[in-house]
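Letters go in sequence order (proteins before strands), and every chain restarts at 1.
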Amino acid sequence: MTKNEKVKYIDSKRLAYYDNALVWWCPSCRTVCANEEVLNDGLHEKCGNRVEKKNLKQWMLRIPLYAERLLKGIDTLDWPAGIKDMQRNWIGRSTGAEVDFEIAGLNVNLTVFTTRPDTLFGATYMVIAPEHALIDLITTSEYKNSVNNYIKATSLKSDLDRTDLAKDKTGVFTGRYAFNPVNKKQIPIWVADYVLTGYGTGAIMAVPAHDNRDFEFAQKFHLPIVCIQDPDVTDHEQKKRILSGNECWTEDGKYINSADSSTGINLNGQNKEAGIALITKWLESKNLGTSKVNYKIRDWLFSRQRYWGEPFPVIHWEDGEVTVMNDNELPLELPELENYLPGESGESPLSNSEEWLNITDKNGRKGRRETNTMPQWAGSCWYYLRFIDPKNDELIFNREKEKYWMPVDLYIGGAEHAVLHLLYSRFWHKVLFDLGIVSTDEPYQRLFNQGMILAFAYESESGSRVSGDLVEEREGKYFHKDTGTELKQITAKMSKSLKNVVNPDDVTSKYGADSLRLYEMFMGPLDVTKPWDEKGVKGVFGFLGRTFRFMSNPDNIFTGQEDAEILKSLHYTIKKVDGDIENLRFNTGISAMMIFINLATKKGRITSDTALTFTKILSPFAPHAGEELWQILGNTNSLSYEPWPDFNEEYLREDNFNYPVSFNGKMRFNIELPVSLTKDEIIKIVLADERAQKWIGAAKPSNIIVVPNRIVNIVI
RNA sequence: GCCCGGAUGGUGGAAUGGUAGACACGCAGGACUUAAAAUCCUGUGACCAUUACGGUUGUGCGGGUUCAAGUCCCGCUCCGGGUACCA
């Protein structure tokens, strides 16, 4: 091996490599970005502007090497199903086979990836991506012009156009044929941009009878369509259309037209599973193909043209060698700059600092530092590990501490990180695990997505949005201030253009931080998207006020024996809040506290023990009010060090249960009965009740269901 | 197109298959006040009654299972999110 070959080989095995790549470039941010950062409409996740493709030398991380591990690990996580699905889809595992097609007149094979090798008999043509490496070789001289023109036209299209025009397929013939390995038939090779260069081998076999895209293409360019699966339809006309290649059949069916005496293969009559197994075995035995797993996930573009970002400790030398700085030369720090903005050139602002940039080694060899910096994900990929031991200046963290704290028990964050931070950091963590640096295979055991808080916005009859400052409310209805037309209240994301942004500072100055906090928890379930409503803040503000006024008034607090009903309610509240905190159901916990305060207010007084206990359960929700009440109630220390109160089941025990009595499932009246009664006793008492007699009348109950401490249902 | 969620009063939302609408907002009426704000009390799904702690109906739509369905099953509709020539 030459030195260059060696470097190339080693680079091909590295997780990180430096290469020319067609990458996403955001002209507004003047930086490149990762696939994961491009939204589905071609906009940059960070700034919302359109991104374009650019060929640049960049750092890449081989996340696909971990695709299988990242996929398998998902099953072990206690994460929302939606996020798990999104990661699975992004990784995009599909199983199939790579099949070699011999190109006529050339001593070269064209390899395709297919998930359905069993449909080889239906492959009537092939398509390669315009960027395919063999395109020049394959194209015959007669077709050079049209193919070159097509390649040029495609390259001018932005990626967005390429997918936008998805409905109307384009393509040209290369003039070349390949042999279908199952029947040795010659099939034409086409170029079309509906085949993508980055997935599989960048070439496909087309089975137009059973694939919509291929069907559409074959119809447009009059390519043969051979049906090889017996369609399971009752409509005779439809069946005829499918069998004659005039309609696409994408469901499964028993094979037909799938045998060839020269190759000796016969799939006819088999089902899909058997067919795939048979053909794969045959392909492998003839050395024509292998089973293969493919992933959608691509290498992760890991450099940006920003000033703020970790610099790569890498030097590019004048002789072409690229070296990594020694450990004792680290950390590499960013230089002070006059101008921090990226230039037009596509190079990072670090290239402006001559002093920092240029370097000479002890042999006088000149070098240049890497000017790209790492993306923000670099920090978020391991911050949770550093948090374990942030002041350690010897090691990333102390191993014992890492063992104690990891994995993260509960991670609360937004769903927008599904295939960004949450995928990236899992990848880093697995690499660190393989290196023996961390002790767990996964970083975040339980993930919880909090819902987005929306705000009210206003919409006119025609559906156009009206800015919040142009709206006035009259008698519960909304009107346009200028035109006076009635508007519809809707909920929408907070945005500057809709002028519906709620500033937490304003809420805090008006109602206090406790109210803000409490309302956010009271609005509804944590994981649900819901609108901010200032009226709701008033509600919890009122609750805090009532609580504070009642508890801080010495006339309401006494020492002695607590009222039984209060005691029961207090212990019920402790139990409820306790469980609700554990399950992140803050809204119902707060509701329980409101019920307690309503009762206490009604009764007029509580013991100081009760007051102190209630203050403890209130304080995680309203820490300011909690702390202040704690001191008003006579303490000098801080409430934050108090242990969480226990509830006592004794106080929760009921002697009676108020049975709902139903007739045919319809609740008619309640009857309070001791919990100690047997079913028969209950039935006896209920039937004797005159209200029951009213509903039964002359009829005779055919069945009576008694569920202890729950319900009585009389079936007539 | 495909994959996930979701749909309950005027509003946000409660409800281990067992009393639908807890709690809160809003609204209505009342108390306090010269008045307002604040606070407190009462009522509040809809409909029919109002002689009654009265009846009917009701959890997006259509079916089903069950003594009993907002909850489970089947088939839809609409809304939100993700993803898409991935072979």
Side-chain angles (χ1 to χ4, degrees), chain A residues 39-40 80-90 92-94 96 112-116 119 123 127 129 162-167 169 192-196 198-207 211-214 216-217 250 294-298 415-416 418-419 449 452 454 456 475-477 489 491 519 522-525 527-540 542-543 545-546 549 585 587-595 598 601-602 658-670 691 694 701-707 709-716:
Chain A
L39 304 177
N40 58 3
I83 301 283
K84 290 171 135 186
D85 280 335
M86 280 164 72
Q87 291 210 348
R88 285 192 191 105
N89 289 337
W90 189 262
R93 183 186 206 268
S94 61
V112 302
F113 172 71
T114 174
T115 53
R116 297 296 302 274
T119 61
V127 186
R162 233 170 120 168
T163 47
D164 254 7
L165 297 173
K167 283 130 213 137
K169 293 214 169 9
D193 65 1
Y194 83 89
V195 172
L196 306 174
Y199 184 77
T201 62
I204 62 157
M205 62 177 215
V207 184
D211 179 287
N212 281 322
R213 293 155 305 173
D214 297 343
E216 200 186 314
F217 191 83
T250 55
N294 241 308
Y295 301 93
K296 276 197 246 180
I297 193 168
R298 312 290 160 82
E416 67 276 13
V419 294
N449 292 129
M452 206 185 335
L454 306 179
F456 289 124
E475 292 159 9
K477 288 180 176 172
Q489 190 184 54
T491 53
Y519 176 58
F522 184 62
M523 292 169 89
D527 56 343
V528 170
T529 297
K530 46 208 174 298
W532 181 271
D533 185 1
E534 187 173 321
K535 286 171 187 150
V537 189
K538 265 162 104 174
V540 293
F543 161 67
R546 276 194 299 281
R549 280 191 298 277
R585 295 159 47 123
N587 54 330
T588 49
I590 291 167
S591 145
M593 290 190 277
M594 287 172 167
I595 292 169
N598 290 346
T601 313
K602 199 172 238 166
N658 197 19
Y659 277 93
V661 181
S662 308
F663 294 83
N664 293 332
K666 238 179 229 313
M667 206 284 282
R668 294 302 179 181
F669 64 89
N670 287 95
R691 290 171 297 182
K694 175 185 159 188
S702 63
N703 194 5
I704 300 175
I705 314 272
V706 177
V707 183
N709 297 325
R710 203 154 287 277
I711 199 166
V712 176
N713 189 23
I714 298 169
V715 186
I716 299 165

Stepwise side-chain contact (heavy atoms from CB on, under 4.5 Å) test for A:Ile204 and A:Asp214: CA-CA 10 Å; A:Ile204 62 157; A:Asp214 297 343; 3.7 Å; yes
Assigned glycosidic conformation for B:rG9 [threshold 90° from 0]: syn
Side chain proximity check, A:Glu216 to A:Tyr194, heavy atoms < 4.5 angstrom: no
Tell me whether the side-chain N/O atoms of A:Asn598 come closer than 4.0 Å to OP1 or OP2 in B:rA24. yes
Heavy atoms, side chains only, cut-off 4.5 Å: are A:Asn664 and A:Val715 in contact? yes
Looking only at the side chain of A:Lys694 (C-beta and beyond, no hydrogens), which of the listed nucleotides B:rG54, B:rA87, B:rA68 gets closest? B:rG54
How close or far is atom P of B:rG81 from atom CE of A:Met86, stated in whole angstroms? 12 Å
Quick one: is A:Arg668 getting a side-chain N or O under 4.0 Å of the B:rA68 phosphate, OP1 or OP2? no
B:rA87 OP1/OP2 closer than 4.0 Å to side-chain N/O of A:Tyr199: yes
Check A:Met523 against A:Pro531 and note the closest heavy-atom contact, atom names and distance. CE-O, 3.1 Å
Under 4.0 Å between any heavy atoms, over every strand shown, what does A:Ile705 touch: base, sugar-phosphate, or nothing? Just pick one. base
According to the Watson-Crick and G-U wobble definition with distances under 3.5 Å, which dot-bracket string, read 5' to 3', encodes RNA chain B, using [ ] for crossing pairs and | for pairs with another strand? (((((((..(((.....[....)))((((((.......))))))((((.....))))..(((((..]....))))))))))))....
Check for a donor-acceptor pair, side chain of A:Arg546 on one end and backbone N or O of A:Asn598 on the other, with a separation under 3.5 Å. no
Among all residues two or more places apart in sequence or in another chain, which pass the ring pair (Phe, Tyr, Trp, His ring centres under 6.0 Å) test with A:Trp90? none
Looking only at B:rU57, B:rG18, B:rA20, the nucleotide nearest the A:Lys666 side chain is B:rU57
Contacts of A:Arg668 that satisfy side-chain contact (heavy atoms from CB on, under 4.5 Å) - sequence neighbours left out: A:Phe663, A:Lys666, A:Trp695
Is the A:Tyr519 ring parallel, tilted or perpendicular to the A:Trp532 ring (thresholds 30°, 60°)? perpendicular
Going 5' to 3' through nucleotides 10-17 of chain B, assign each nucleotide B (protein heavy atom under 4.0 Å from a base atom), S (under 4.0 Å only from sugar-phosphate atoms) or - (no protein heavy atom that close). --BSSSB-
Among the candidates B:rA20, B:rG55, B:rA24, find the nucleotide nearest to the side-chain atoms of A:Met667. B:rA20
Quick check: any donor-acceptor pair below 3.5 Å linking the side-chain of A:Asp85 to the base of B:rC4? no
Nearest to the A:Pro660 side chain among B:rC25, B:rU57, B:rU19, which nucleotide is it? B:rU19
Are the side chains of A:Ile714 and A:Ile704 in touch, meaning some heavy atoms are under 4.5 Å apart? yes
How many Å lie between OH on A:Tyr295 and C1' on B:rA87, as a whole number? 17 Å
Spell out protein contact along nucleotides 37-52 of chain B as letters: B when the base is contacted, S when just the sugar-phosphate is, - when no protein heavy atom is under 4.0 Å; keep the 5' to 3' order. --SS------------
Send over the distance from A:Lys84 NZ to B:rU83 C1', rounded to a whole Å. 19 Å
Between A:Gly202 and A:Ile595, who's closer to the 5' end of RNA chain B by nearest nucleotide? A:Ile595
For the side chain of A:Thr115, counting heavy atoms from C-beta on, which of B:rC85, B:rG18, B:rA87 is nearest? B:rA87
Separation of atom CD1 in A:Ile83 from atom P in B:rG81, rounded to whole Å: 14 Å
Kindly write out the residues that satisfy side-chain contact (heavy atoms from CB on, under 4.5 Å) with A:Thr115, not counting sequence neighbours, or none if the list is empty. A:Ser94, A:Phe113
Main-chain N/O of A:Ala206 paired with A:Asp211 side-chain donor or acceptor, under 3.5 Å: no
